[in-house]
Amino acid sequence: MKFDTAYKLKDLAEFLGCSYVGSPNFLVEGINEIHVVEPGDLVFVDHPKYYDKALQSKATTILINKEVACPKGKALIISEDPFNDFNKITRKHKPNIAASAAISPSATIGENTVINPGAVVGNNAVIGANCFIHSNVTIGAGSIIGNNVIIHPGTVLGGDAFYYKKRETGFDKLLSGGIVVIEDDVEIGANSCIDRGVTGNTTIGAGTKIDNLVQIGHDTIVGKKCLFASQVGIAGCVVIEDEVTLWGQVGVISGITIGKKAVVYAQSGVGRSLDGGKTYFGSPADEARKKYREMAAIKSLPEIIENM
Amino acid sequence: MKFDTAYKLKDLAEFLGCSYVGSPNFLVEGINEIHVVEPGDLVFVDHPKYYDKALQSKATTILINKEVACPKGKALIISEDPFNDFNKITRKHKPNIAASAAISPSATIGENTVINPGAVVGNNAVIGANCFIHSNVTIGAGSIIGNNVIIHPGTVLGGDAFYYKKRETGFDKLLSGGIVVIEDDVEIGANSCIDRGVTGNTTIGAGTKIDNLVQIGHDTIVGKKCLFASQVGIAGCVVIEDEVTLWGQVGVISGITIGKKAVVYAQSGVGRSLDGGKTYFGSPADEARKKYREMAAIKSLPEIIENM
Amino acid sequence: MKFDTAYKLKDLAEFLGCSYVGSPNFLVEGINEIHVVEPGDLVFVDHPKYYDKALQSKATTILINKEVACPKGKALIISEDPFNDFNKITRKHKPNIAASAAISPSATIGENTVINPGAVVGNNAVIGANCFIHSNVTIGAGSIIGNNVIIHPGTVLGGDAFYYKKRETGFDKLLSGGIVVIEDDVEIGANSCIDRGVTGNTTIGAGTKIDNLVQIGHDTIVGKKCLFASQVGIAGCVVIEDEVTLWGQVGVISGITIGKKAVVYAQSGVGRSLDGGKTYFGSPADEARKKYREMAAIKSLPEIIENM
């Protein structure tokens with residue numbers, strides 16, 4: 001998430017009630033999560049285990065709960081509770097999700113796009129041309145939808161990330177300030193859910209086709225011309241490269257990458273990154289030919305044991 | 001479900017066209033299912049196999065299809081079809097689910113609660129303060145929602161229990177007259193479903209966080225500070241104690257208990273009650289360390305068989 | 001899909017810009033997919049591998065990309081791109097899905113049927129008597145719903161088939177021109193999805209009960225008095241005979257048949273046709289007693305390997 005206007009380090013620190021290390025006029029241009037930060041971004045870290053990763057990331061401002069040595073060309077903001085202070089920034093900049101009308105007056109709708117009754121289009125959402133938005137779809141505030149996109153009834157773009165910090169008092173929510181981006185020629189089935197990014201985008205690449213009741217988590221990047229069958233569930237922060245096929249009810253754990261043209265058979269559970277160009281099966285998923293050998297072995301097992 | 005006014009035994013029997021055993025003025029204060037009945041409640045039983053369980057339950061009135069010995073301090077109503085007659089009582093007392101407006105005039109909405117366009121709030125529903133009810137959410141008649149609750153788009157509270165009696169002529173529906181109770185600080189993702197109780201409550205405990213496309217069946221009691229990832233499915237009449245974590249696509253069979261702080265890994269199928277404080281995996285689910293041993297053994301199996 | 005008025009062969013060929021083989025006045029009465037075609041229907045085929053199947057099917061007109069010998073009593077339309085030309089016909093005859101009002105003025109609603117706020121009923125949909133259509137349900141254009149049907153909130157009837165042809169340029173969509181037919185006494189839970197047929201009907205048989213978050217694909221035929229628990233996913237072109245029970249999260253692959261009174265346990269994956277009257281389990285599903293033997297063998301496997 002880039003700010004409309006960059007903060008000076010001293011102004012952002014003051015807004016948070018924090019001290020800082022660095023030039024007071026150092027610019028903070030946006031916030032992001034560690035796997036997608038760029039120079040100009042602020043990232044937060046609140047556990048010594050991850051200090052180095054945050055300090056060495058591409059982010060140039062680190063919101064941190066200890067005054068450590070500041071890497072050259074970077075700045076620190078010292079916070080007692082970086083999680084909380086990160087939320088403060090997000091809260092100030094996230095899309096306004098309270099809607100005053102079914103189709104927000106601030107939304108932009110392209111030519112020849114049909115929006116059926118019951119659909120809700122949030123503030124500042126942008127929908128391209130020749131789209132069909134079916135009944136009872138919810139397009140969250142700030143969503144960006146390309147041309148020739150079809151979204152079937154009941155589908156939700158822009159739910160919040162399922163992302164909490166466990167505290168003594170209960171789960172503390174990391175606010176979601178990102179958006180959903182749907183590129184051209186995408187079709188999404190009925191009653192599917194695509195969450196918004198925490199600070200970045202959840203993106204569905206051009207030409208990808210998604211069936212009904214599919215879940216796609218926050219900040220996940222789906223490539224072009226992928227095919228996801230019904231009831232697939234993809235967690236947050238996943239990278240799915242182009243032309244990947246996931247058959248029905250496949251589950252994908254957070255933070256991994258599925259390589260180009262991989263195929264994952266129905267009901268598999270993907271628990272680690274997968275190379276492209278191969279076919280996978282099982283829960284946890286492995287190469288299908290390996291799994292088939294295991295399955296054949298299991299079938300013969302009862303008899304083998306009996307004969308032992 | 002407690003009646004607004006208790007019935008006298010003779011009046012309830014007359015309403016049902018049934019005979020009774022007991023004092024005509026014996027009070028029937030409510031109806032409930034056998035696992036949650038209390039003194040004052042009526043329970044029904046229509047199979048000799050379950051007679052004893054019903055007669056010995058905490059219920060004080062038993063709607064039964066045979067005149068048996070009446071336990072001391074209790075009453076019987078003798079019915080040719082207890083299932084049907086139980087439905088007759090439910091039908092008379094269940095919430096009115098026909099809505100005359102998107103937000104029922106009889107609903108109560110707390111301070112600072114936002115309800116986005118397309119959301120429907122049923123008759124006599126009560127929503128606390130500082131809640132955010134997103135677009136196209138359906139809050140069924142009679143639901144009770146605490147404070148600081150977030151419900152994402154498309155989620156449904158108060159669908160009917162999936163509960164039928166098989167008859168020669170087809171499935172006969174047990175009517176749902178209970179409600180959904182969501183305690184404070186709960187967040188529920190998009191397009192999830194929480195069914196109403198048949199006669200009691202389906203309850204989500206304070207501070208619990210539920211992701212998208214999650215199913216929670218009738219009369220299930222979820223504890224405090226639980227975490228359910230996307231596409232989890234929990235059947236009816238389940239008890240989930242506090243701080244239980246269910247990862248994505250886990251399924252839970254009806255009628256069991258999952259103990260405090262249990263963790264169940266993704267895609268597992270829970271087919272029996274689980275002790276708290278442990279980690280589980282597999283379909284059917286077992287302790288994860290056992291399952292890992294089995295999985296390692298399976299991996300080596302094809303080679304072992306080849307070498308035999 | 002039957003046309004309101006049959007085409008003469010020459011007129012349909014002219015509409016498509018194609019040549020033809022057969023009598024110019026030969027009648028084309030409708031279009032359908034190969035597994036459900038009848039005499040009078042047109043079917044399309046674009047791969048030599050399937051030529052014979054199409055030519056020998058019950059269809060009497062074949063839209064084909066090569067001039068082959070025409071079977072007696074049949075006709076051919078020769079197309080450079082049968083897929084595309086089939087879509088041209090569907091596009092002309094499919095229901096009009098753009099809705100001008102939440103409840104289309106062309107819809108027919110039976111006596112004593114309740115439609116709650118937020119429900120959307122498409123053009124020319126027909127709903128019988130004594131139905132309850134809950135909030136935020138979407139009933140697609142052309143759907144036919146019998147009497148005494150209950151549809152819980154958020155459920156979608158009539159999403160498009162998830163059916164694409166892979167081309168160099170991306171996925172090309174096979175247009176859906178069929179409808180959804182729900183027979184009498186059916187109940188469907190919340191946030192479920194039943195896709196319309198491509199050219200035929202997706203049918204749910206009388207007395208069948210379906211839970212929440214269930215997916216049923218295009219052209220699938222579900223028999224009478226079936227029971228599908230929550231989060232079941234059934235692909236397209238499946239035949240499920242009467243009184244079949246599928247427990248929670250079961251997946252069913254496309255194109256197969258599940259026989260009468262079969263029972264499939266939770267989380268199973270059905271990858272082939274199943275005989276009726278038996279009980280199945282596992283992913284892929286097999287007879288439950290076999291699976292139980294395998295599971296018992298697996299449990300003892302780690303110890304056996306240790307002792308080897």
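Convention: sequence-line order gives letters A, B, ...; per-chain numbering from 1. What's counted below: heavy atoms across the whole structure, side chains too, no hydrogens, waters or symmetry copies.
Nearest heavy-atom pair, A:V250 versus B:Q267, reported as atom, atom and distance to 0.1 Å: C-NE2, 4.3 Å. Nearest heavy atoms, B:S135 versus A:V120: OG-CG1, 3.2 Å. In plain terms, the two heavy atoms of A:F162 and B:F228 that are nearest each other are CZ-O, 3.4 Å. When all heavy atoms of B:S230 and A:Q215 are compared, the pair lying nearest together is OG-CG, 3.0 Å. Considering all non-hydrogen atoms of both residues, B:V114 and A:A98 come closest at CG1-CB, 4.1 Å. Smallest separation of non-hydrogen atoms from B:N116 and A:A99: OD1-N, 2.8 Å.
Top candidate by heavy-atom pairs under 4.5 Å with chain B, chosen from A:G159, A:G233, A:A161, is A:G233. Of the listed residues A:G217, A:G158, A:G269, A:S100, the one with more heavy-atom pairs under 4.5 angstrom with chain B than any other is A:G269. By number of non-hydrogen pairs under 4.5 angstrom with chain A, the leading residue of B:I115, B:I150, B:I210 is B:I210. Note on B:A229, B:P117, B:G189, B:S300: by heavy-atom pairs under 4.5 Å with chain A, the leading option is B:P117.
Contacts from residues 283-293 of chain A to chain B, taken as heavy-atom pairs separated by less than 4.5 Å, involve A:S283, A:P284, A:D286, A:R293 in sequence order.
Under a 3.5 Å cut-off, the side chain of B:Q231 and the backbone N or O of A:V232 do form a donor-acceptor pair. Remark: side-chain polar atoms of B:N136 are paired, donor with acceptor, to backbone N or O of A:N136 under 3.5 angstrom. Looking at B:N191, its side chain does come within 3.5 Å of a backbone N or O of A:G154 through a donor-acceptor pair. B:N212 places no side-chain N or O within 3.5 Å of a backbone atom of A:C193 that could act as its donor or acceptor partner.
Residue B:I305 touches chain A through its side chain alone, counting heavy-atom pairs closer than 4.5 Å. For B:K224, no part lies near chain A; criterion is any non-hydrogen pair under 4.5 Å. For chain B, the nearby parts of A:D160 are the backbone and the side chain; heavy atoms of each come within less than 4.5 Å. The part of A:L301 that comes within reach of chain B is its side chain, from C-beta onward, which places non-hydrogen atoms under 4.5 angstrom from that chain.
At least one side-chain heavy atom of B:F132 sits under 4.5 Å from a side-chain heavy atom of A:I97. Looking at heavy atoms from C-beta onward, B:M308 lies in side-chain contact with A:I304 at the 4.5 angstrom threshold.
Sorted by first and then second residue, the pairs that involve residues 240-252 of chain B and meet salt bridge (charged side-chain N to carboxylate O under 4.0 Å, His left out), not counting sequence neighbours, are B:E243-B:K261.
No option in B:K209, B:E187, B:K225 other than B:E187 meets the side-chain hydrogen bond (donor to acceptor under 3.5 Å, both in side chains) test with A:Y164.
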